[in-house]
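Here is the structure we will look at.
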Amino acid sequence: MAGLRTVGAIVLALAVLALLGTDVTHMVAGAMAAMVATFAIKEKEWRGQAVTLACGLPVALVAMSLGALLHTRIIAGDIFFVLLIFGAVYGRRFGDRGTALGLIGFQVYFVSLFVQATVGALPELYLTLAVAFACSAVVRFAVVPETPQRTLGRLREAFRARLAQLVAAQIELLDATTDDDLDKVLDSLRRCTARLHEAALMIQGRLEEGTRDEATAARLQRRIADAEIAAERLGVILLNARSAERADTITLHLPHAPVQVAAERLPREDAATRTLRRDLSALHLLIARRGADDRGMALAHVRNRLLGYRDEDKLPAASPAVQDVFRGIGEAARAVLGLRLALDGPQDASDDTPATARSREEFDAEDVAMAGLDEEAAEQAADERTGLQRPTTRAAFQVAVGSTLAIIGGEFLSSQRWYWAVLTCWVVFLNTASTGEILVKGYRRLVGTILGVVAGVALAGLVGNNTWLAFALVLLFIFGMFFTAPLSYALMSFCVTAMLGLLYTLLNTYSLAVLVLRIEETALGAACGIIAAMLVLPVHTDRRTDELLGTVLERLRDVVTAAVAQLSGGPAADLLDKARDLDSALDDLRASTQPLTHPITPLRGRRQTARYLVALLETCAYHARSLAATAELVPYSKNVAADPRLERAGGRIARNIDIIVARAVEESGRGEVTAGASIASILDVDDTGTPRSGTVTYRVLRHLQRLDEGVIGLARPLEVPVSGRNVGTTG
């Protein structure tokens with residue numbers, strides 16, 4: 001959508017400027033101004049977007065004027081450019097509006113250098129900027145409108161599609177027979193699970209603005225979480241049914257994790273296997289069908305049959321592991337029903353069976369219980385860091401120093417194109433927080449630039465003097481730039497460089513030497529950014545990852561402690577919010593470890609350790625989410641009862657996490673992680689002393705057991721001593 005909106009603004013601006021008889025140079029300036037006026041604004045509400053766009057035009061006019069006035073005053077122009085860069089980065093501390101205005105000021109000043117603006121050309125450039133901003137507004141608010149509600153609607157559809165893809169991958173897992181097939185299916189299962197989780201997090205970030213009221217947002221958040229947890233759990237128990245030994249949950253989070261397949265446990269022609277395959281396909285149908293199409297007796301019959309598996313007497317005759325899969329299908333069908341009720345409102349209940357009616361009653365009870373809870377304002381942790389410790393301040397000084405070095409070095413390479421080095425230095429600092437992240441980003445930009453130069457050489461020969469073909473290809477690469485930005489920074493850099501090659505062709509300044517200079521300036525800018533990051537208030541990757549690791553562990557402890565307290569009979573709490581805070585912190589940690597897990601890193605051992613730790617934390621987060629979802633059923637469910645004996649197990653896990661945080665982050669903590677007896681064996685046993693599989697209590701115990709093992713598994717690579725029983729690290 002960002003790509004379509006930006007391309008639309010550029011096309012409209014070019015059309016208006018062409019009708020006004022503007023020359024090619026000013027059309028290029030208008031296209032670039034329309035692009036920055038569109039992509040710089042990130043605010044969610046229309047009113048905020050309109051205010052920022054209105055403020056952005058004067059900022060752009062001032063930046064263009066100063067660019068033209070300082071065009072011949074080299075030293076003054078360079079000093080102002082560095083101050084502008086400092087201010088643009090420092091302005092990020094003021095939120096989306098400060099970030100947008102800083103970006104507009106920097107980019108328009110860059111445009112003035114690119115088109116070599118002069119004082120005499122300012123009147124026409126002012127008109128060009130006004131047209132560009134007006135076209136951006138028209139496209140943003142009329143042609144391709146964007147509201148939080150529309151975005152949330154698309155995210156809901158994306159979540160439904162991701163959920164269907166995950167169930168389809170689980171069907172493939174059921175049918176996989178060879179090792180090669182299983183490896184491919186497991187990769188697909190991991191990918192689909194991760195993408196479903198990403199979609200859930202994106203919805204979480206849009207709920208407050210995209211729903212009518214807080215109650216609707218809370219209800220939708222709960223239903224999304226239920227569906228995600230039920231689908232992921234179904235994959236785990238299906239993997240258990242297919243494995244020679246009980247599968248480790250970490251298999252879904254760590255690539256190439258070993259798992260032994262026992263195809264003979266699920267004979268393809270067995271009646272239970274055929275029923276299982278049929279019901280997984282039926283579950284996929286329930287998810288894939290849109291709410292408006294949910295009509296008729298056949299679909300209601302399928303839904304009722306799957307929900308019936310929540311009752312023990314409706315389970316097909318099969319092994320305990322396979323029966324657990326049928327229970328998982330029933331829970332997933334219940335989650336799908338809850339999601340439909342939250343998204344599409346009340347459904348036709350005339351064909352309900354007792355099991356379906358019970359599920360509806362549970363959802364009604366949950367809604368009533370949520371409405372009765374005291375609403376607590378979310379406490380946003382204030383950033384206590386001040387002065388040079390504030391990230392925006394530190395980054396502003398770093399990029400200012402790096403840009404100064406880039407200007408000096410760029411002048412030696414070219415007195416006309418030195419600003420390319422400054423642009424690269426600026427870009428490598430965006431959305432980075434450590435020296436390692438800047439190093440990886442600079443490397444990717446250089447690779448993408450080199451490939452883009454090769455493409456630019458080929459395209460320049462193809463385009464020749466055809467202006468409109470060049471503009472069409474520029475639009476294609478601009479869309480590609482936005483579309484590939486979340487996927488690959490190298491691909492985005494490729495699109496940017498290929499686009500610039502075409503712009504040089506339009507300005508009649510294209511040559512192979514210019515594109516080679518582009519590579520040299522890019523390498524110089526990346527090097528200057530890395531040097532500045534290493535020498536000016538550096539934030540080393542190890543320090544950054546240690547801080548984020550501590551945050552993840554603290555939030556994991558908060559979720560587990562609160563969930564166990566509620567499962568033990570304590571007061572109700574907003575557990576899903578705590579679980580989402582954990583997910584957000586884990587996403588930050590995953591991003592910060594990219595320099596450690598990148599293929600170019602020379603430290604192979606650290607790369608494996610980082611991957612293992614992140615995978616183990618993802619596994620722990622899954623079990624914590626599941627505990628939170630189960631605990632929130634305690635106040636109003638007939639099937640989930642509080643058990644005070646759980647508090648002891650949860651307390652040990654919390655104490656172990658505290659010890660790991662003290663040792664891993666503070667590096668001064670003392671103490672040992674304590675491993676105790678198997679949690680899953682202390683409660684809910686039958687006459688023979690075996691835990692009863694399939695009950696809610698057994699599920700809670702299993703999650704606690706996996707969390708206990710996962711926390712102990714974290715202790716070993718972090719060099720925290722472990723005392724007590726020698727347990728595995730299955731997570």
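Positions are given from 1, in the same order as the sequence printed here.
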>> Looking at every non-hydrogen atom in both residues, tell me the closest pair between I10 and M35 and how far apart they are.
In response: CD1-CB, 3.9 Å
>> With side-chain contact (heavy atoms from CB on, under 4.5 Å) as the criterion, how do T52 and D96 come out once you've worked through the C-alpha distance, each side chain's angles and the decisive distance to 0.1 Å?
In response: CA-CA 9 Å; T52 303; D96 290 337; over 6 Å; no
> Taking C-beta and beyond as the side chain, do W46 and P145 meet within less than 4.5 Å on heavy atoms?
Replying inline: yes
Using a 3.5 Å cut-off and no angle test, enumerate the donor-acceptor pairs between side-chain atoms of residues 445-454 and protein atoms at least two apart in sequence or in another chain.
unit_1	atom_1	unit_2	atom_2	d
R445	NH1	Y489	OH	3.2
T449	OG1	R445	O	2.7

>> Has T22 got a side-chain atom pairing as donor or acceptor with L17's backbone, closer than 3.5 angstrom?
In response: yes
> Can you tell me how far CG of L475 sits from CE of M499, rounded to the nearest 0.5 angstrom?
Replying inline: 10.5 Å
> Does R140 reach the main-chain N or O of R5 with its side chain, forming a donor-acceptor pair under 3.5 Å?
Replying inline: no
> Less than 4.5 Å apart, any side-chain heavy atom of T424 and any of E521?
Replying inline: no
Give every donor-acceptor pair under 3.5 Å between a side-chain atom in residues 523-537 and any protein atom, sequence neighbours left out.
none

> How many angstroms lie between atom CG of L155 and atom CE of M202, to the nearest 0.5 angstrom?
Replying inline: 5.0 Å
>> To the nearest 0.5 Å, what is the distance between CZ on R191 and CZ on R162?
In response: 9.5 Å
> Is the count of non-hydrogen atoms from other residues, nucleotides or ligands lying under 6.0 Å from R154 atom CZ greater than 12?
Replying inline: yes
> Does any non-hydrogen side-chain atom of T6 lie less than 4.5 Å from one of M481?
Replying inline: no
Indicate every side-chain donor-acceptor pair of residues 101-112 with a distance under 3.5 Å to a residue at least two apart or in another chain.
unit_1	atom_1	unit_2	atom_2	d
S112	OG	Y109	O	2.5

> CG of D587 to CG of L582: how many Å apart, nearest 0.5 Å?
Replying inline: 9.5 Å
>> Regarding E157 and R160, does a basic nitrogen lie under 4.0 Å from an acidic carboxylate oxygen?
In response: yes
Would you give me the side-chain donor-acceptor pairs under 3.5 Å for residues 194-201, sequence neighbours excluded?
unit_1	atom_1	unit_2	atom_2	d
H197	ND1	E228	OE2	2.6

> Is L66 close to V62 at the side-chain level, that is, under 4.5 Å between some pair of heavy atoms?
Replying inline: yes
>> Which heavy atom of L122 sits nearest to which heavy atom of S65, and what is that distance?
In response: CD2-CA, 4.0 Å
> Between P123 and V119, what is the shortest heavy-atom contact and its length?
Replying inline: CD-O, 4.1 Å
> CZ/F81 to CD1/I407 distance, rounded to the nearest 0.5 angstrom?
Replying inline: 6.5 Å
>> List the residues meeting salt bridge (charged side-chain N to carboxylate O under 4.0 Å, His left out) with R97, not counting sequence neighbours, and say none if there are none.
In response: E43
>> Using side-chain heavy atoms (C-beta onward) and a distance below 4.5 Å, is L84 in contact with F80?
In response: yes
>> Side chains of L53 and Q49, heavy atoms from C-beta outward: is any pair under 4.5 Å?
In response: no
> If you take all heavy atoms of F482 and G3, which pair is closest and at what distance?
Replying inline: CB-CA, 3.7 Å
> Would you say I478 and F39 make side-chain contact, with heavy atoms under 4.5 Å?
Replying inline: no
>> Evaluate F86 against V399 for side-chain contact (heavy atoms from CB on, under 4.5 Å), listing each step before the verdict.
In response: CA-CA 7 Å; F86 179 89; V399 74; 5.9 Å; no
> Does G95 offer a backbone N or O that forms a donor-acceptor pair with the side chain of T99 under 3.5 Å?
Replying inline: yes
> F133: what forms a ring pair (Phe, Tyr, Trp, His ring centres under 6.0 Å) with it, not counting sequence neighbours?
Replying inline: none
> Does T404 reach the main-chain N or O of A400 with its side chain, forming a donor-acceptor pair under 3.5 Å?
Replying inline: yes
>> How close do H26 and T128 get, counting heavy atoms only, and between which atoms?
In response: O-CG2, 3.3 Å
>> side-chain contact (heavy atoms from CB on, under 4.5 Å) for T38 and V139? Distances and angles first, verdict last.
In response: CA-CA 9 Å; T38 305; V139 172; over 6 Å; no
>> Give me the atom names and distance for the closest heavy-atom approach of S136 to A9.
In response: CA-CB, 3.9 Å
> Got a sec: does the CZ of F483 have more than 12 other heavy atoms crowding it under 6.0 Å?
Replying inline: no
> Measuring from L491:CG to R444:CZ, what's the distance to the nearest 0.5 Å?
Replying inline: 10.5 Å
>> Are T484 and F494 packed together at the side-chain level, in the sense that at least one heavy-atom pair is separated by less than 4.5 angstrom?
In response: no
